[in-house]
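Just follow the structure's listing: the first ligand is 1, and inside any ligand the first atom is 1.
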Amino acid sequence: MSSTTCNIRIAPGKDIVVSSRLLQTLGIGSIRQLRLTFGSKSMNTSLKSVRRNDHLLKLPVSVASQLMLPRGGKCLLSTRGSDEVRIGPLVGILAARSKSVSNSFGSMSSFFRQLAAIGKDRSYFFVFSPKDVDWENETVTGFFPNPSGVWLRKEVPLPDVVYNRLQSRLAEGVTAMNSFKESFLRRSIPIFNWTFFDKSDVYKLLQGDDVNKYVPESMMGPSGTDVREMLTRHGTIYMKPSSGSLGLGIYRIQHTANRGYTVRYRSKGKNHAVGYKNFDAVMNLLLRHQKGRLSRYVAQQGISLIEVDECPVDFRFHMTKNGENQWVVAAIGAKKAGKGSITTHVASGGKLMNTEQVLQQAFGSNGSNVLQRAKNTAVDIAKALERNYPYLLGEIGFDIGIDKSGKVWMFEANSKPGRSIFKHPDAKSQERDTLTNLFDYCLYLSKFRRGGNDHDHRSGKSGKASRRSYLSGKRQRSKVARRL
Ligand SMILES: Nc1ncnc2c1ncn2[C@@H]1O[C@H](COP(=O)(O)OP(=O)(O)O)[C@@H](O)[C@H]1O
Ligand SMILES: [Mg+2]
């Protein structure tokens, strides 16, 4: 495969005209009969070559409309085999439209625009919702960002790659959504970040793997006896709803010989700390709050985090794949908990900090070593998750804790990570790195990467894992079910 930039001019006339230099760059010799492809649309064409020293492809209006090409201008071309040229890549972001404004993507809009800006002149970027896809005709009515800030609807073929940013657990949870996404797999269209992670699912995926040592001891659906035993072992435990987020519904239980039990939690915008003499009273509080059921809760060993101003600090490691299909730590945000808060979320009084400064404060000159070790650990965990997960992953947000001895812990993996850490003024270049990497990973998956080779990229995996990701949707699902 070879791949290059090109300028497409849509013009009247009947002939498809290619500059000689472009043919040369693409390594197309004497062949003049070609398949021209855009997303899922293809047509057989014959080419006329003109002697020109640039990368020009002139398409008749009729060809552009048959391929459903939304615009001329700059993009990439890539060859497949000896007789196919692909225009693209056509990248689709799967997202939910805002309920109030039908042509907006709510708080995600600016992120999508940023991503499209990174891919400008090198791709066709659009956002779509499930109901925008017409499977019969294999087309999508996508939303293309335009410079004046509006989203323009255009009908295009099915994309070369799908980045799943559906933001609602509810929407992701319905069975119809699974078969919707499987329709892409059936057509060999790579889709990455299949769905939300549940905490207990992630912990289970890592069980038995070497990186499990970075996960605090965790137990799904613990009984009262389990909670009591964990408290005896660790002194402090966290109780977290398995599919929760933003710190909602989390309790921290601490037991000391002289003070008894202290339960901390946040409710209605306030932090609470309640003391109890006996354990049964603790369980009664939890059960009363949770309508008698803790089956969807995870009990987890509490970690004694490093502190700044006597408030715990933890870190968001924003992991992305890059254009070489490798995991990288694209960004790190340090978050200091609000006074009296058991979590570091900004919504509960948390504050973004500079990572290097925090680590220097906590570990002095050893801070940079600790950081490097944490980065290596995060990459190892990302690889392990991917190894044990049957779908493609391109982005993970890890909540990482570092304890006072410098040990690294992973509390949570988010498959649809938020972008609030980029509000910190020191995070601008890291924010750009996440966008660049995500775009490059889309190029990789869609096989539009410049200078890329002809490996089978579509699964993004190799060996056994690769075969697994090619399994039919149903088998993929049952594999997941068995694993979890
Ligand atoms: N086992 C733990 N020990 C210490 N702190 C924890 C532990 N688990 C969670 N936390 C704190 O609570 C925060 C929220 O926990 P997390 O597992 O990320 O749940 P959520 O889905 O609500 O974000 C973490 O960022 C961390 O500050
Ligand atoms: Mg979290």
Worksheet entry | Pairwise distance CZ(F192) to OH(Y441) - rounded to 0.5 angstrom | 6.5 Å
Worksheet item: What is the distance from atom CZ of F411 to atom OH of Y214, rounded to the nearest 0.5 Å?
Response: 15.0 Å
If you measure every N/O of [X] against every N/O of ligand 1, is any gap under 3.5 Å?
X    : result
I303 : yes
K335 : no
T343 : no
G244 : yes

Worksheet item: Got a salt bridge between R233 and E217, using NZ or NE/NH1/NH2 to carboxylate O under 4.0 Å?
Response: yes
Practice prompt. Look at E310 together with K339 and state whether they make a salt bridge at an N to O cut-off of under 4.0 Å.
Written response: no
Fill in: H345 to ligand 1, any heavy atom closer than 4.0 Å
yes
Practice prompt. For D440 and N437, run side chain to side chain donor-acceptor pair (under 3.5 Å): C-alpha distance rounded to whole Å, both residues' side-chain angles, the deciding distance at 0.1 Å, then the answer.
Written response: CA-CA 5 Å; D440 287 350; N437 292 351; over 6 Å; no
Best match, [options]: closest heavy atom to [atom]:
atom                    : options                : result
atom 11 (C) of ligand 1 : V313, I342, L246, T344 : I342
atom 4 (C) of ligand 1  : F398, F197, F315, Y238 : Y238
atom 27 (O) of ligand 1 : I400, D399, D314       : D314

Discussion item. Can you see whether D380 engages T377 through a side-chain donor-acceptor pair at a distance of less than 3.5 angstrom?
Written reply: no
Practice prompt. Let me know which of D209, L206, V211 forms a side-chain contact (heavy atoms from CB on, under 4.5 Å) with L385.
Written response: L206
Worksheet item: Can you tell me which residue and heavy atom of the protein come closest to atom 17 (O) of ligand 1, and the distance to 0.1 Å?
Response: K240 NZ, 2.7 Å
Worksheet item: Which residue owns the protein heavy atom closest to atom 2 (C) of ligand 1, what's the atom, and how far is it?
Response: F411 CE2, 3.3 Å
Practice prompt. Tell me whether the centres of the aromatic rings in Y251 and Y238 are closer together than 6.0 Å.
Written response: no
Worksheet item: Any idea which N/O/S atom from D399 gets closest to the Mg ion (ligand 2)?
Response: OD2
